[in-house]
Chemist: 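Pasting in a structure now, in structure tokens, and then I'll have a few things to ask.
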Amino acid sequence: MNYLKSHYGNPPVIVTENGVDEINEPQKSLQEALEDQKRIDYHKDYLSNLLLAIKEDGCNVTGYFAWSLLDNWEWSSGFTVRFGLHFVDYKSPTLTRYAKKSALWFSDFLQPY
């Protein structure tokens with residue numbers, strides 16, 4: 001953000017498609033798949049640093065989007081990785097979706113104080 005600020009005149013920035021992947025391990029139980037502490041830690045660290053860039057350095061960040069709402073097919077990786085805040089059960093005929101721990105964390109994070 002500081003690079004954009006110093007080299008491009010501090011334009012408004014919207015961070016899009018930001019997230020972390022994890023290997024899709026079909027042998028995991030549903031409960032294990034929903035425990036995605038790695039994703040929570042990533043977003044918590046990223047957003048904490050982004051907030052510092054905004055408050056301490058005056059970076060002009062106007063939006064942030066986590067990648068992704070749902071696990072999905074990735075162009076270069078197919079179904080071998082998962083990015084979503086919600087687990088998609090690919091074995092279910094209706095592709096049942098379950099909120100991961102990270103979705104619950106984001107919900108709490110976004111609540112006003």
Chemist: Cut-off 3.5 Å, side chains only: do Tyr64 and Asn18 have a donor facing an acceptor?
Modeler: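 Per modelled atom types, Tyr64 and Asn18 side chains form a pair under 3.5 Å.
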Chemist: Among Asp41, Leu51, Val15, Val20, find the one that has a side chain to side chain contact (heavy atoms under 4.5 Å, CB included) with Tyr46.
Modeler: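 Single pass found, and it is Val15.
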Chemist: Restricting to salt bridge (charged side-chain N to carboxylate O under 4.0 Å, His left out), what partner residues turn up for Glu25, sequence neighbours left out?
Modeler: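 Testing Glu25 for salt bridge (charged side-chain N to carboxylate O under 4.0 Å, His left out), a comparison that skips the adjacent residues, returns Lys28.
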Chemist: Looking only at non-hydrogen atoms, find the nearest pair between Cys59 and Asn2 and report the distance.
Modeler: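 Of all heavy-atom pairs spanning Cys59 and Asn2, the closest is SG-OD1, 3.4 Å.
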Chemist: What pair of heavy atoms forms the shortest contact from His86 to Ala103, and how long is it?
Modeler: CE1-CB, 3.8 Å
Chemist: Which pair of heavy atoms, one from Arg82 and one from Val88, lies closest together, and at what distance?
Modeler: NH1-O, 3.0 Å
Chemist: Treat each ILVMFWY residue as a node, draw an edge where side-chain heavy atoms are under 4.5 Å apart, and state whether Tyr3 and Val61 are in one component.
Modeler: yes
Chemist: Checking Phe106 now: which residues fulfil ring pair (Phe, Tyr, Trp, His ring centres under 6.0 Å) with it, not counting sequence neighbours?
Modeler: His43
Chemist: Quick one: does any side-chain atom of Asp71 pair with a main-chain N or O of Gly84 as donor and acceptor, under 3.5 Å?
Modeler: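 The answer is yes, because a donor-acceptor pair under 3.5 Å joins these two groups.
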Chemist: Can you name the closest pair of heavy atoms from Asn10 and Asn60 and give their distance?
Modeler: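 Scanning both residues completely, I find the closest heavy atoms to be OD1-N, 3.0 Å.
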Chemist: Do Leu69 and Ile14 belong to the same hydrophobic cluster, where Ile, Leu, Val, Met, Phe, Trp and Tyr are linked whenever their side-chain heavy atoms lie under 4.5 Å apart, directly or via other members?
Modeler: no
Chemist: How many angstroms lie between CG in Leu50 and NZ in Lys55, if you round to the nearest 0.5 Å?
Modeler: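 Leu50 CG to Lys55 NZ: 12.0 Å, rounded to 0.5 Å.
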Chemist: Kindly give the heavy-atom pair with the smallest separation between Ala99 and Leu104, and that separation in Å.
Modeler: CB-CD2, 4.5 Å
Chemist: Please test Met1 against Asp57 for side chain to side chain contact (heavy atoms under 4.5 Å, CB included), starting from the C-alpha separation and ending with a verdict.
Modeler: CA-CA 9 Å; Met1 294 302 128; Asp57 302 330; over 6 Å; no
Chemist: Give, for atom CZ of Phe87 and atom CD of Gln31, the distance between the pair rounded to the nearest 0.5 Å.
Modeler: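 If I round to the nearest 0.5 Å, the distance is 11.5 Å.
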Chemist: Give a yes or no answer on whether the side chain of Asn24 reaches the backbone of Phe79 with a donor-acceptor pair at less than 3.5 Å.
Modeler: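 Between the backbone of Phe79 and the side chain of Asn24 there is a qualifying donor-acceptor contact (under 3.5 Å).
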Chemist: Is Leu85 reachable from Leu95 through a run of hydrophobic residues whose side-chain heavy atoms are each under 4.5 Å from the next?
Modeler: no
Chemist: Verify the cluster assignment for Ile54 and Leu110: are they in a single hydrophobic cluster under the rule of side-chain heavy atoms below 4.5 Å apart?
Modeler: yes
Chemist: Can you name the salt bridge (charged side-chain N to carboxylate O under 4.0 Å, His left out) partners of Arg39, sequence neighbours left out?
Modeler: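 Expected list: Glu22, Asp36.
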Chemist: Indicate, with yes or no, if Phe83 and Tyr42 share a hydrophobic cluster defined by side-chain heavy-atom contacts under 4.5 Å among Ile, Leu, Val, Met, Phe, Trp and Tyr.
Modeler: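 Cluster IDs for Tyr42 and Phe83 differ.
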Chemist: Could you check whether any side-chain N or O of Ser77 sits under 3.5 Å from a backbone N or O of Thr80, counting only pairs where one atom can act as donor and the other as acceptor?
Modeler: no
Chemist: Main chain of Asp21, side chain of Lys38: is a donor-acceptor contact present, judged purely on distance under 3.5 Å?
Modeler: yes
Chemist: Measure up the Trp73 and Trp75 rings against each other and bin them: parallel (under 30°), tilted (30 to 60°), perpendicular (over 60°).
Modeler: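 If you compare the ring of Trp73 with that of Trp75, the planes turn out perpendicular.
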Chemist: Start with the C-alpha distance between Leu34 and Glu32, add both sets of side-chain angles, then the distance that settles side chain to side chain contact (heavy atoms under 4.5 Å, CB included), and finish with yes or no.
Modeler: CA-CA 5 Å; Leu34 299 180; Glu32 290 172 316; over 6 Å; no
